[in-house]
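I have placed the structure first, in the form of structure tokens, so that the comments after it can refer back to it.
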Amino acid sequence: SAYGTAYNEEGTRKEAVVSPLSNYLVSRIKRDFGDGNTVVGGVFSLVNRFSSDSVSELLLPSSALSGGLDLLHYWKNKNYFMEVKSIASQMNGSAESILQKQLSHTHRFQRPDADYLEVDSLREHLGGHGALARLGKNGGNWNFHLQGQYRSPGLNLNDVGYIRQADFLGEETQISYEMNEPKKWIRNYSIQLSQEAEWSFGGENTGNQVRASFMLRNNSLWSFRFNSKYEFSILNTRELRGGPALRNDPYYLLGLSVQSNTTKKLSGGISYDYSSASIENSHENSLMLDLTWMPVKRFKISALAHLWYWKYHQQYVSSITGTSSTEYVVGHIDRQTTTFTLRGELYITPELSIQYYGSPYYSVGDFDNFNRVDRANARNIDDRLEVLDVSYDPETYTYSYIQDSESYQFVDPDFTFMQFRSNLVFRWEYKLGSTLYFVWSHDRSGWEPEYNPIGDIAGDLFGVQGNHVFMIKANFWFSL
């Protein structure tokens, strides 16, 4: 078990188990038949936790297992394929830990408009299942793929895996044309069209979009891309953090990118995306710049800068429980995010290498124009949201308003967040397939409940206290 120091509101110090003694098991089996045209496999993972600490039992399931089967089959010289995957999971623990899972962002069983879901505070297990089927063609000029998948509301992978959201049924259709015969100026190009839709198990349309993209590469190996997307009006079952599904307005996205010849010692690229909703003053700008330099074959350094500017008219702010109902407050957010990523790789020998990763990150948000959600699923924004007449208390950093003769309060949602993360890894393959890693991981972060321009706080990040973690990992390969 791993222990840490916890403090309550009075400043009382206590040693607590932050990571109980645990057992992790992951197994994978796969075999191909018919000259590799058919591949059958399975995966199984298991987590067991052993702890007498009451806090750990309240927060973490005592056991979790998941497993799945997969089948991939090719025909006609592997130009056509069919893929089928299935998965199931089962999680057991105290009633408190399973309740935490039911209320989490992955599930949101507490949604008041989801009559097919139910929160059971006495439940001590949670299980679910899912599947995916894909059919397509990957050869020649014309290609396509058709896909369908689902995840039941109770599906939840354990700590070995990751699942962002359960409770959906989805389909996707994609068709593309690729020209791979070099011409006088053009080496190859491709055009792709796709459509995607998604529903919850309650029949709510949670995704509905169409996309189109075009890529061209010239004989100097420079690439040019154009992409576009249109998202229809959908219901977002996660936006109100356990509240009713909130109607999202339709929006479109347009993007352009240019990438130079990546086989050169020095290469770079630039991309820009712009998206806008059908609501005034609700749009997004994203600019990315990347540069890669390889002065010698054994050393490479790359840098990526990302500038993101986002305005959105119904960003979630707070859920406020009153005497007779729960109020959901949203607001207009003006958010700016800047991040820079530096990577370096040095291969002393093919078996001996050093890798470095470092990334400062800044994100700030300024809120105004607060609204209460009136009719969450209404298509007309005037029916969906009601403008609030709020008053602000600078001493407590809180807003307040009156609704149906009752007073409601919420904390000022403005924020300033900054973070720096870095990893330094020494890798040694001391035997074929067997590797030894020495890792130094560092991170530091700061948060303030107020808005500050990024230019005013850029230098403050390196004055924040950080954490250092040193790890050793060994892999040993053996044949049966």
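Ser63 and Asn48 are not linked by any side-chain donor-acceptor pair at a separation below 3.5 angstrom, with hydrogens and angles left out of the test. In this structure, a donor-acceptor pair under 3.5 Å is present between the side chains of Tyr451 and Gln336. Checking Ser286 against His306 by side-chain atom types alone, a donor-acceptor pair falls below 3.5 Å. Judged purely by distance below 3.5 Å, without hydrogens or angles, the side chains of Thr323 and Glu406 pair a donor atom with an acceptor atom. Defined by atom type and a distance below 3.5 Å, a donor-acceptor pair is missing between the side-chain atoms of Gln465 and Asn467. A side-chain N or O of Thr337 and one of Ser363 form a donor-acceptor pair less than 3.5 Å apart. Looking at Tyr357 and Gln355, their side chains never bring a donor and an acceptor atom within 3.5 Å of each other. There is a side-chain donor-acceptor pair under 3.5 Å between Ser45 and Ser66. Side-chain polar atoms of Gln195 and Glu171 form a donor-acceptor pair below 3.5 angstrom. For Ser400 and Ser391, the side-chain atoms include at least one donor-acceptor pair closer than 3.5 Å.
Contact record, Ala376 with Ala245: CB-O, 3.3 Å, taken as the closest heavy-atom pair. In this structure, Asp383 and Asp374 approach most closely via the heavy-atom pair O-CB, 3.9 Å. Closest non-hydrogen pair, Asn92 versus Ile98, comes out as C-CD1, 4.2 Å. Of all heavy-atom pairs spanning Met471 and Ser441, the tightest one is CE-CB, 4.5 Å. Residues Gln110 and Gln102 approach most closely at OE1-O, 3.8 Å, considering heavy atoms. Shortest non-hydrogen contact noted between His313 and Asp249 is NE2-OD2, 2.7 Å.
Without hydrogens or angle criteria, Arg28 side chain to Phe44 main chain gives no donor-acceptor distance under 3.5 Å. Distance alone, capped at 3.5 Å, is enough to place a donor-acceptor pair between the Arg241 side chain and the Glu239 backbone. At distances below 3.5 Å, at least one donor-acceptor pair connects side-chain atoms of Ser89 with backbone N or O atoms of Asn156. A side-chain donor-acceptor contact under 3.5 Å links Asp393 to the backbone of Glu395. A distance-only check finds no donor-acceptor pair linking the side chain of Ser282 to the backbone of Ile279 [under 3.5 Å]. His107 places a side-chain N or O within donor-acceptor distance of the main-chain N or O of Pro153, the cut-off being under 3.5 Å. Listed for the Asp290 side chain is no donor-acceptor partner under 3.5 Å among the backbone atoms of Thr292. Glu231 contributes a side-chain N or O that, together with a main-chain N or O of Asn208, makes up a donor-acceptor pair within less than 3.5 Å. Put simply, the side chain of Asp273 never gets that close to the backbone of Ser271: no donor and acceptor are under 3.5 Å apart. The backbone N or O of His125 lies less than 3.5 Å from a partner atom in the side chain of Arg123, making a donor-acceptor pair.
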What verdict does the side chain to side chain contact (heavy atoms under 4.5 Å, CB included) test give for Asn23 and Phe50, after you've listed the backbone C-alpha separation in whole Å, the side-chain angles of each residue and the deciding distance to 0.1 Å? CA-CA 8 Å; Asn23 172 66; Phe50 312 94; 4.1 Å; yes
Kindly indicate, with the supporting measurements, whether the criterion side chain to side chain contact (heavy atoms under 4.5 Å, CB included) is fulfilled by Tyr150 and Phe201. CA-CA 9 Å; Tyr150 82 91; Phe201 269 60; 3.8 Å; yes
Test log, rule side chain to side chain contact (heavy atoms under 4.5 Å, CB included), inputs Thr237 and Arg111: CA-CA 8 Å; Thr237 59; Arg111 286 175 44 220; 3.7 Å; yes
Can you list the steps and then say if Val425 with Tyr356 is a side chain to side chain contact (heavy atoms under 4.5 Å, CB included)? CA-CA 6 Å; Val425 180; Tyr356 174 78; over 6 Å; no
Let me see the working for Arg343 and Glu345 under salt bridge (Lys or Arg N to Asp or Glu O under 4.0 Å), right down to the final yes or no. CA-CA 7 Å; Arg343 299 177 185 270; Glu345 296 177 273; over 6 Å; no
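Residues Tyr230 and Pro250 have side chains in contact (heavy-atom distance under 4.5 Å, counting atoms from C-beta outward). When side chains are defined from C-beta on, Met418 does not count as touching Trp447, because their heavy atoms never get closer than 4.5 Å. Side-chain atoms of Ser318 and Tyr328, non-hydrogen and from C-beta on, never get closer than 4.5 Å to each other. Between Asp443 and Phe420, the closest side-chain pair of non-hydrogen atoms is not below 4.5 Å. Residues Phe109 and Asp167 fail the side-chain proximity criterion, which asks for heavy atoms closer than 4.5 Å. Contact of the Gln419 side chain with the Pro360 side chain is not registered, since no non-hydrogen atoms from C-beta on lie closer than 4.5 Å. Between Ser190 and Ser176, the closest side-chain pair of non-hydrogen atoms is not below 4.5 Å. Contact annotation: the side chain of Leu193 never approaches that of Val210 to less than 4.5 Å [non-hydrogen atoms, C-beta and beyond].
Tyr272 contributes atom OH, which lies 9.5 Å from atom CG of Leu254 (distance to the nearest 0.5 angstrom). The structure places OG of Ser97 at 8.5 Å from CG of Leu59, a figure rounded to the nearest 0.5 Å. A distance of 8.5 Å separates CG of Leu307 from CD1 of Ile454, quoted to the nearest 0.5 Å. Annotation: the span from Glu284 atom CD to Ser275 atom OG amounts to 4.0 Å, rounded to 0.5 Å. Phe367 contributes atom CZ, which lies 5.0 Å from atom CD of Gln315 (distance to the nearest 0.5 angstrom). A distance of 8.0 Å separates OG of Ser86 from CG of Asp70, quoted to the nearest 0.5 Å.
Aromatic ring orientation, Phe410 versus Tyr399: parallel (interplanar angle below 30°, classes split at 30° and 60°). Under the 30°/60° scheme for interplanar angles, the aromatic rings of Trp440 and His442 are found to be tilted.
Other residues, nucleotides and ligands contribute at most 12 non-hydrogen atoms within 6.0 Å of the CZ atom of Arg421. Surrounding CG of Asn380 are more than 12 heavy atoms belonging to other residues, nucleotides or ligands, all under 6.0 Å away. Within 6.0 Å of NZ on Lys85 lie no more than 12 heavy atoms contributed by other residues, nucleotides or ligands. Within a 6.0 Å radius of OH in Tyr397, other residues, nucleotides and ligands contribute 12 heavy atoms or fewer.
Geometric assessment of Lys137 against the ring of Phe144 yields a negative cation-pi assignment under the 6.0 Å and 45° thresholds.
Taking the charged nitrogens against the carboxylate oxygens, Asp382 and Arg375 have no contact shorter than 4.0 Å, which rules out a salt bridge. Taking a cutoff of 4.0 Å between a charged side-chain nitrogen and a carboxylate oxygen, Glu196 and Arg211 qualify as a salt bridge. Ion pairing between Arg247 and Glu204 fails under the 4.0 Å rule for side-chain N and carboxylate O.
Among the candidates Thr106, Ile87, Leu65, the single residue satisfying the side chain to side chain contact (heavy atoms under 4.5 Å, CB included) test with Leu157 is Ile87.
Ring centers of Tyr362 and Phe417: at least 6.0 Å apart, outside the cut-off.
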